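All chains are named by letter (A, B, ...) in the order of the sequence lines, taking the proteins before the strands, and each is independently numbered beginning at 1. The shown structure was predicted, so the numbers you read here are calculated from the model rather than taken from an experiment.
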There are 2 protein chains.
Amino acid sequence: MNRGKKAITIYDIAEALGVSSATVSRALKNNKSIGAATTKAVQEMANRMGYHPNKMASSLRTKKTKTIGVIFSWINRPFISSVISGIEDIANQEGYNVIISQSNDFYKKEVSNAHTLLSSRVDGLIVSLAMETTQYDHFNTFLQNNIPVVFVDRICPDLDTDRIIIDNFDAGYTATKHLIDQGFRQIAHLEGAQNRLIFKERKEGYVAALRDHGIEINEDLILYSRLSYEEGWQSMEKLLRGKTIPKALFCSTDNAAIGALQCLKSKGLRVPHDVAIIGFNDDPTARIIDPPLTTISQPSVEMGRIAAQQVIKKRPYNESVKSETIILKTKLVIRGSSVIEDVRAFYP
Amino acid sequence: MNRGKKAITIYDIAEALGVSSATVSRALKNNKSIGAATTKAVQEMANRMGYHPNKMASSLRTKKTKTIGVIFSWINRPFISSVISGIEDIANQEGYNVIISQSNDFYKKEVSNAHTLLSSRVDGLIVSLAMETTQYDHFNTFLQNNIPVVFVDRICPDLDTDRIIIDNFDAGYTATKHLIDQGFRQIAHLEGAQNRLIFKERKEGYVAALRDHGIEINEDLILYSRLSYEEGWQSMEKLLRGKTIPKALFCSTDNAAIGALQCLKSKGLRVPHDVAIIGFNDDPTARIIDPPLTTISQPSVEMGRIAAQQVIKKRPYNESVKSETIILKTKLVIRGSSVIEDVRAFYP
DNA sequence: TTGTATGCGTTATCAC
DNA sequence: GTGATAACGCATACAA
C-alpha cells in the first residue's frame, strides 16, 4: 500500500449510488427531506467506503469550525492541565475540537498564538493570560468578529468578556484567618506578580484578614517572587535572616509553600511548630509532602468544563446578557502543615 | 461594535490596491515573481486592514492542514502533560497547530477521536494507546492515506510505524538490580496491565534481574493493579499480610510507589529500613515525599519534541526508511527511599 | 423527495 | 510581473 489513496468525498458516494451529491450531503446529516431508504443506503455506503467528512470544506462553507482555541502559559502544570482536561471533556461531548497553545508566559508568544488561532477561525477562545501581558489588543479582533472569548483564572480586567474565576480575595482572607485562628500573629506572605489580578487579590485578602484582626502589616514579611519551588526556598531563607521571624506563612502557590517547607526541614526546624504554612492550588504534591500541606483547592477540571460550556453555548452579543463572570467556590483543605495538634491522615 | 464585521479576504486587499487576488496571494507568500514594490504594498495593506489568512480555504486547496492530531489517555498527568508540552513546542516553532484529545483509556473513545482527527485532515498523528485498546484498525486509514502516525510511550506492537519509547526492560532491570545491590533479596513488584508493552517489559526486566542474581521468582510478591495511589496502598497492605513480607518493592508508577510508601508510614514502618521502594516516572511528587522516592526518570518533554519532529519531518513511505523506533535514555534517580545510609538532600 | 447550480477563500495553471 | 479562471469538498437556495 504505497501510494496514498485519496480520501472519499460525497461525490464518490453519489456516483456509487447513482444519486446527486446534494442528496448524499443531506442524507448524511439525517435531513428529513430525504427518504428513509435513500438515507439508509447513503449512510451504509459511506460506511462501507470509509468516508470521513472533510472538515475544512464544511467549515469553509458554513463558517463554523467547531473548534475551540486555547492559550495557557504552560500546559504541564497540575492546575492548568486539569483545566484543559475539563475543556477537552465538554468539547468532545459537543463535537468540538480543541487547539492548544502555550504562551510560556511571554506576551509575544501569546499575541502570535492569538493570530494563529484567528487564522484557524476558531469558534471560540479560552485564555489564561501570560505573566507578562499588560496589553490586550490581540483579543479585540475576536470580540469584533463576535468570537466568544472566555478568560479563565488569569483574567483581563480591561476587557468585557466572560470570566471563570475563583474569589481570590476570599481565598486569601480565609487562608490567613485560619492561621490567625490557630493563634499565629506574625504571618508572612509570599506574593506573586501584582499585575496579575489573582496574586494581587490573594495578597489583599491576606492584608484584610490581618487588619480585621488588629494585626499590623509588616512589609518585611511580604516577599515577591515568581513563586517557584526554588524561590519559595530562597524566600524562606531570607525570612529566617530577618528581624522578625514569622510564625506562619501564606504562599500564593503550593510550589513556593513546599519550597519554604523543605527549607525549614533542611535546617531542622519543624512545621507547623516553628512555622506553620499554607499554600494555594492543592497540587498533588500538597497531600504528599510531610507534613501534608494545608492549601486552597480550586475546582480546576470544573473550571475547564464551564469555560468550554460558556464558549459553546454563548448567546450572541446582541441579546441582553453581554458578559458573565462566573465565580467558583474554593475550599480550605486543612492538613498538618498549619495545625499544631497534628492529626495527620496519610490516607486521602 | 455589535455586528460582527466579516473577516478580510485577499479580495478586499486586491480591491483596495487595484490589483488581482492572485497577485495578493503571491505577494503574501513572498513569491519572487512579484515585484518588490507590489509585494511591500500588499503586505502593508494586509497589516493595515487586519488580514488573517483563512486556514480552512488554504487547507482545502493545498490539502495540507499544518495540524498535528494528538491522542493521549489523560492529559492531566505529569508525564503526559510534559510530553504534550514538548509536542506543542516544536509544532509551534514549525508553524503547526496541535489538536488534542483524550481517550480516558477507553477503546471506544480512542476510535472516535481517531475518526474526528481524520475528518480534521491532520497532517500527522501522535498517539499513546488507551489501556483497553487491543485492536488497531482505526489507525489503518491514516497509514493508507500516508498520514504519518507516531506512537509514544504506549506503542502498538502490531503496526509498522514510528515509535518514541524508552527501554522499559532495561529500566525495570536497572531498578531491580539497584535494589539487589543494596542487599535486598525479597523484592516485590507492582505491575500494570500486561497488554500494554511498557508494563510487560518493566516486569520482564524485574524478573530478569532477579534470575540473573540467582533469586527465585515468587509470584505472591507480584501484584497487579492499575497502579494508582490508592491501589499502591492496598497492594502494600496485601503484601504485609502475606507469608513472606518483602524487604523491597519496585513499582511501575510513582503513584503506586507513593501509595505503598504512605501505607508503610501509616503503620509506623520505616522506608527504606523496613521496606525499600522504587517508583517509575519521576513525577513531581517523587522528590517531595519523605523519604524522597528513588525512581526512573524519562525525558518526557524531549519525547514530545522528538515525536513532533518525526511527524513533521517524516519522509514519504516510498523512500528507503519505512519506520523508525527511537529509544530514549532513562535515568535511575537514586533518592532516600532505596538507600539505607540516608544521605538525603532536600534541595533539588 | 431529489437534482442543479453556486459560493465559501485560497492556490495553482495557464495565458498575456 | 501580473491577471483570469478553475478547483479543492461541502452545504444550501432554488427548481423540479
Note to self: At 4.0 Å (heavy atoms only), tell me whether B/Ser25 reaches a base, stays on the sugar-phosphate, or touches nothing.
What the structure shows: base
Next item on the list: Check whether any side-chain nitrogen or oxygen of A/Lys55 sits under 4.0 Å from OP1 or OP2 of D/dC10, and answer yes or no.
Entry: no
Notebook entry, point to check: For the side chain of B/Asn104 and the backbone of B/Phe106, is there at least one donor-acceptor N/O pair under 3.5 Å apart?
Noted result: no
Next item on the list: Go through the structure and list residues passing side-chain contact (heavy atoms from CB on, under 4.5 Å) with A/Ser20, not counting sequence neighbours.
Entry: A/Ala22, A/Thr23
Notebook entry, point to check: In chain order, what residues pass the side-chain contact (heavy atoms from CB on, under 4.5 Å) check against A/Ala130, with sequence neighbours excluded?
Noted result: A/Ser103, A/Asp105, A/Glu110, A/Thr133
Next item on the list: Report the residues that fulfil side-chain hydrogen bond (donor to acceptor under 3.5 Å, both in side chains) with B/Ser59, sequence neighbours left out, ordered by chain and then residue number.
Entry: none
Pick out the pairs of N or O atoms, protein on one side and nucleotides 13-16 of chain C on the other, that lie under 3.5 Å.
| unit_1 | atom_1 | unit_2 | atom_2 | d |
| --- | --- | --- | --- | --- |
| C/dT13 | O4 | B/Arg26 | NH1 | 3.4 |

Checklist line | Interatomic distance where NZ belongs to B/Lys63 and P belongs to C/dA12 [whole Å] | finding: 13 Å
Notebook entry, point to check: Sequence neighbours excluded, which residues qualify as side-chain contact (heavy atoms from CB on, under 4.5 Å) partners of A/Ser128?
Noted result: A/Phe72, A/Asp153, A/Arg154
Check: Between C/dT10 and B/Tyr51, is there an OP1 or OP2 to side-chain N/O distance shorter than 4.0 Å?
Finding: yes
Next item on the list: Measure the distance from CZ on A/Arg121 to P on D/dC10 and round it to the nearest whole Å.
Entry: 21 Å
Note to self: Distance check needed: C/dT4 P versus A/Ile10 CD1, whole Å only.
What the structure shows: 13 Å
Check: Who pairs with B/Lys32 by side-chain contact (heavy atoms from CB on, under 4.5 Å), at least two apart in sequence or on another chain?
Finding: none
Check: Which residues, if any, of residues 31-45 of chain A bring a heavy atom under 4.0 Å of DNA chain C?
Finding: A/Ser33, A/Ile34, A/Gly35, A/Thr38
Notebook entry, point to check: Counting only side-chain N and O atoms of B/Ser20, is one of them less than 4.0 Å from OP1 or OP2 of D/dG3?
Noted result: yes
Notebook entry, point to check: Taking atom C1' of D/dA7 as reference, at what distance in whole Å does atom NZ of B/Lys64 sit?
Noted result: 17 Å
Notebook entry, point to check: Where the side chain of B/Thr23 is concerned, which of D/dT12, D/dG9, D/dT2 is the nearest nucleotide?
Noted result: D/dT2
Check: Between A/Ile8 (CD1) and D/dC10 (P), how many Å, whole number?
Finding: 10 Å
Next item on the list: In whole angstrom, give the distance that lies between atom OH of B/Tyr11 and atom P of D/dT5.
Entry: 11 Å
Check: Among D/dG9, C/dA12, C/dT10, which is the nearest nucleotide to the side chain of B/Lys29?
Finding: C/dA12
Name every donor-acceptor pair, under 3.5 Å, that has one atom in a side chain of residues 40-52 of chain B and the other anywhere in the protein, sequence neighbours excluded.
| unit_1 | atom_1 | unit_2 | atom_2 | d |
| --- | --- | --- | --- | --- |
| B/Gln43 | NE2 | B/Ala27 | O | 3.1 |
| B/Gln43 | NE2 | B/Asn30 | OD1 | 2.9 |

Notebook entry, point to check: Which pairs count as ring pair (Phe, Tyr, Trp, His ring centres under 6.0 Å) when at least one residue sits in residues 134-155 of chain B, sequence neighbours excluded?
Noted result: B/Tyr107-B/His138, B/Phe139-B/Phe151
Margin query: Donor-acceptor check, side chain of B/Thr39 to backbone of B/Leu28, threshold 3.5 angstrom: yes or no?
Written below: no
Next item on the list: Using whole Å, report how far CG of B/Asn54 lies from P of C/dT10.
Entry: 5 Å
Check: Closest nucleotide of DNA chain D for A/Ser58 versus for B/Ser21: which of these residues is on the 5' side?
Finding: B/Ser21
Next item on the list: Please check if any side-chain donor atom of B/Glu88 sits under 3.5 Å from a side-chain acceptor atom of A/Ser101, or the reverse.
Entry: no
Checklist line | Euclidean distance, atom NE2 of residue A/His52 to atom P of D/dC8 [Å, nearest integer] | finding: 20 Å
